[in-house]
K.L.:
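I'd like to ask some things about the structure below.
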Amino acid sequence: IHDGAFGVRFLLRHGSGKVQAHFGVVFEGEDMLGATENSYGVRPWEVEKLAEEIRIARSKYDIILVSAHCGLEYQPYPSYYVYEAFKLWAEAGADMIIGHHPHVPQGMTCFGKTPAYFSLGNFVFYQPVKFFHRKTGYFLELEADKNGIISHNVIPYRIEEKNLRLLKSEEKADFEKLFEKLSLPLNNAESAQKAWHAVLAYNGLQGFQDELEKIINTMRENPAKGAAMLRNRVTCIQHSSQWIDGMSRIMDGSIGEAPQEMIDMVREFMTREL
């Protein structure tokens, strides 16, 4: 179990009768190796292809759920390419879209009638660090019948070394306020893009320079590892989108331009400790 992928409880309303549900799963990652007859693998990040499959499935199934492993790690806001993908799948007919992989909780929005949650946070992926938001996640409880999703509820928890625990009342209230702040910029494409720009602004010119220097130094000491790091930045969309968008904003001088409250939120996610 990688992160929050399985933190979902699915309830069928009593008396709803037989319900045909279709689950679409898509991954983006470093290699995205597909399964063969003799090996495990993942389904590649094929946004348009999945959208077409959702359109076809819409006439066959009562409920269509999409689980997407995607996005840049540890950030409070989704990468903009993730936002665009979720929107496309919603328009294609998905009833619910659930993202995971960033290892921290992110907010949600509704594309029309389709709820989209961008990151459930960590689940049983324990990380021996003190960063507050890497120790927090949430379950989703979904209720549905033949007509689709009836309700969807967030159940936050804290991940500890040997167990998960539900948040206490005061902690839960704090999480609900945070979740509202994380979700607000996702209400429309323009503000979602500004939130992504805040991620780039926090990294800034110095951050990109530091990462380049780290890769070059690693390549000098361990060429194979350094090459793997550099290839990862080029071939993995979560990193290539950050670098392409970051370099473009450095080139036009806008790398630091983003709403300050959003930059502050990124800073909190990257620095706040328990």
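Here the structure is a predicted model, which is why all the values come from computation and not from measurement.
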K.L.:
Atom CD of residue position E160 - does it have more than 12 heavy atoms of other residues, nucleotides or ligands inside 6.0 Å?
P.N.:
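Counting neighbours around CD of E160, more than 12 heavy atoms of other residues, nucleotides or ligands fall under 6.0 Å, so yes.
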K.L.:
Checking side-chain polar atoms at under 3.5 Å, does S191 have a donor or acceptor matched by the opposite partner on N188?
P.N.:
yes
K.L.:
Which atoms form the tightest heavy-atom contact between K172 and P156, and what is the distance?
P.N.:
CG-CG, 4.0 Å
K.L.:
Ignoring hydrogens and geometry, is there a side-chain-to-backbone donor-acceptor pair from N187 to L184 under 3.5 Å?
P.N.:
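Yes, because the side chain of N187 sits within donor-acceptor range (under 3.5 Å) of the backbone of L184.
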K.L.:
Between W89 and V47, which heavy-atom pair has the shortest distance, and what is it?
P.N.:
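Where W89 meets V47 most closely, the heavy atoms are NE1-O, 3.1 Å.
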K.L.:
Is the charged tip of R272 near the ring of F131: under 6.0 Å from the six-membered ring centre and within 45° of its axis?
P.N.:
no
K.L.:
For the residue pair V104 and Q75, what are the closest heavy atoms and their distance?
P.N.:
CG2-O, 3.4 Å
K.L.:
Quick check on the hydrophobic clustering: are W196 and L205 connected, directly or via other members, by side-chain heavy-atom contacts under 4.5 Å?
P.N.:
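Yes; tracing contacts between hydrophobic side chains, which count when under 4.5 Å, links both residues.
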K.L.:
What's the shortest heavy-atom distance between H239 and N232, and which atoms?
P.N.:
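Heavy atoms of H239 and N232 come nearest at CD2-OD1, 2.9 Å.
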K.L.:
For the CD1 atom of I54 and the CD1 atom of I97, what is their distance to the nearest 0.5 Å?
P.N.:
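Interatomic distance, I54 CD1 to I97 CD1, rounded to 0.5 Å: 6.5 Å.
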K.L.:
Determine whether the side chains of N217 and E221 contain a donor N or O and an acceptor N or O closer than 3.5 Å.
P.N.:
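Judged by distance alone, the side chains do not pair up.
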K.L.:
What verdict does the ring pair (Phe, Tyr, Trp, His ring centres under 6.0 Å) test give for F208 and W243, after you've listed the backbone C-alpha separation in whole Å, the side-chain angles of each residue and the deciding distance to 0.1 Å?
P.N.:
CA-CA 8 Å; F208 285 108; W243 277 83; 4.9 Å; yes
K.L.:
Does a side-chain N-to-carboxylate-O contact under 4.0 Å join E171 and R165?
P.N.:
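Salt bridge: yes.
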K.L.:
Hey, is the main chain of T136 close enough, under 3.5 Å, to the side chain of R158 for a donor-acceptor pair?
P.N.:
no
K.L.:
Could you measure the distance from the CG atom of L142 to the OH atom of Y117? Nearest 0.5 Å is fine.
P.N.:
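Rounded to the nearest 0.5 Å, the CG-OH separation comes to 8.0 Å.
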K.L.:
Under 3.5 Å, is there a donor-acceptor pair between the Q127 and Y74 side chains?
P.N.:
yes
K.L.:
Hydrophobic side-chain clustering at under 4.5 Å (ILVMFWY, transitive links): who's grouped with F132? Put none if nobody.
P.N.:
L274
K.L.:
Taking S183 for its side chain and E180 for its backbone only, find out whether a donor-acceptor pair lies under 3.5 Å.
P.N.:
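No, the answer is negative, given that no donor and acceptor are paired below the 3.5 Å cut-off.
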K.L.:
Any chance you could measure K135, atom NZ, to Y157, atom OH, to the nearest 0.5 Å?
P.N.:
12.5 Å
K.L.:
Should the heavy atoms of other residues, nucleotides or ligands under 6.0 Å from CD of E190 be counted, would the total exceed 12?
P.N.:
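Check fails, neighbour count at 12 or below.
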K.L.:
Look at the aromatic rings of H133 and F269 and report parallel, tilted or perpendicular, splitting at 30° and 60°.
P.N.:
parallel
K.L.:
Do M229 and I216 sit in the same hydrophobic cluster, where Ile, Leu, Val, Met, Phe, Trp and Tyr count as joined when their side-chain heavy atoms come under 4.5 Å apart?
P.N.:
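M229 and I216: separate clusters.
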K.L.:
Please tell me if the side chains of K130 and P128 come closer than 4.5 Å, counting only heavy atoms from C-beta onward.
P.N.:
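Side chain of K130 against side chain of P128, heavy atoms only: no contact under 4.5 Å found.
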K.L.:
Is any side-chain heavy atom of W45 closer than 4.5 Å to one of C70?
P.N.:
yes
K.L.:
Within the 4.5 Å heavy-atom criterion, are P115 and M96 side-chain neighbours or not?
P.N.:
yes
K.L.:
Determine, using the 4.5 Å side-chain heavy-atom cutoff (strictly less than), whether L212 and L200 are members of one ILVMFWY cluster.
P.N.:
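They do share one cluster, since a chain of ILVMFWY contacts under 4.5 Å joins L212 to L200.
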K.L.:
At what distance, to the nearest 0.5 angstrom, does NZ of K146 lie from CD1 of I63?
P.N.:
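Separation between the atoms: 9.0 Å.
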K.L.:
Would you say the side chains of Y80 and H197 form a donor-acceptor pair under 3.5 Å?
P.N.:
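The criterion, which ignores hydrogens and geometry beyond distance, is not satisfied for H197 and Y80.
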K.L.:
Determine the minimum heavy-atom distance between A201 and A258, stating which atoms define it.
P.N.:
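Answer, listing the atom of A201 first, then A258: CB-CB, 4.2 Å.
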K.L.:
Can you name the one residue among T114, L50, I98, D95 that meets side-chain contact (heavy atoms from CB on, under 4.5 Å) with V66?
P.N.:
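That would be L50; it is the only one of T114, L50, I98, D95 passing the side-chain contact (heavy atoms from CB on, under 4.5 Å) with V66.
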K.L.:
Measure the spacing between NE2 of H103 and CG of L120 and express it to the nearest 0.5 Å.
P.N.:
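Answer for the NE2-CG pair, H103 versus L120, is 12.0 Å.
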K.L.:
What's the shortest heavy-atom distance between S119 and P102, and which atoms?
P.N.:
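Scanning both residues completely, I find the closest heavy atoms to be OG-CD, 3.4 Å.
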K.L.:
Going through the checks in order, is the side-chain contact (heavy atoms from CB on, under 4.5 Å) test met by M265 and L182?
P.N.:
CA-CA 9 Å; M265 182 65 76; L182 295 177; 4.0 Å; yes
K.L.:
With the side chain counted from C-beta on, respond yes when P185 and K194 share a heavy-atom pair under 4.5 Å apart, and no when they do not.
P.N.:
no
K.L.:
Who pairs with S240 by side-chain hydrogen bond (donor to acceptor under 3.5 Å, both in side chains), at least two apart in sequence or on another chain?
P.N.:
none
K.L.:
Within the side chain of R55, is there an N or O that forms a donor-acceptor pair under 3.5 Å with the backbone of S59?
P.N.:
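It does not hold such a pair.
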K.L.:
Going by atom types only, do E143 and H152 share a side-chain donor-acceptor pair under 3.5 Å?
P.N.:
no
K.L.:
Is it possible for you to say whether I155 and I159 belong to one hydrophobic cluster, with membership spreading through side-chain heavy-atom contacts below 4.5 Å?
P.N.:
yes
K.L.:
Show your working on side-chain contact (heavy atoms from CB on, under 4.5 Å) between Y77 and Q106 and close with a plain yes or no.
P.N.:
CA-CA 6 Å; Y77 304 118; Q106 293 179 349; 5.7 Å; no
K.L.:
Given side chains that start at C-beta, do those of R134 and V129 come closer than 4.5 Å, heavy atoms only?
P.N.:
yes
K.L.:
Walk me through it: do D264 and E268 pass the test side-chain contact (heavy atoms from CB on, under 4.5 Å)?
P.N.:
CA-CA 6 Å; D264 291 341; E268 176 184 330; over 6 Å; no
K.L.:
Measuring from E176:CD to L167:CG, what's the distance to the nearest 0.5 Å?
P.N.:
9.5 Å
K.L.:
Using the benzene-type ring in the case of Trp, are the ring centres of F111 and Y83 under 6.0 Å apart?
P.N.:
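Between Y83 and F111, which both carry aromatic rings, the centre distance is below 6.0 Å.
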K.L.:
Does a salt bridge link K214 with E211, judged by any charged N lying under 4.0 Å from a carboxylate O?
P.N.:
no
K.L.:
So does K168 pair up with D174, basic N to acidic O under 4.0 Å?
P.N.:
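Result for this pair is no, no salt bridge flagged.
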K.L.:
Under a single-linkage definition using a 4.5 Å side-chain heavy-atom cutoff for Ile, Leu, Val, Met, Phe, Trp and Tyr, are Y81 and M247 assigned to the same hydrophobic cluster?
P.N.:
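Yes; M247 is reachable from Y81 via cluster members.
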K.L.:
Applying side-chain contact (heavy atoms from CB on, under 4.5 Å), run through Q242 and R233 and close with a yes or a no.
P.N.:
CA-CA 9 Å; Q242 179 189 24; R233 302 310 188 270; over 6 Å; no
K.L.:
Given 3.5 Å as the limit, does a donor-acceptor pair link the side chain of D62 with the main chain of N147, or not?
P.N.:
no
K.L.:
Let's go through F118 and H100 carefully: what are the C-alpha distance in whole Å and the side-chain angles of both, what is the deciding distance for ring pair (Phe, Tyr, Trp, His ring centres under 6.0 Å) to 0.1 Å, and is it a yes or a no?
P.N.:
CA-CA 7 Å; F118 287 89; H100 53 98; over 10 Å; no
K.L.:
Would you say N153 and L140 make side-chain contact, with heavy atoms under 4.5 Å?
P.N.:
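SC-SC contact between N153 and L140 ruled out.
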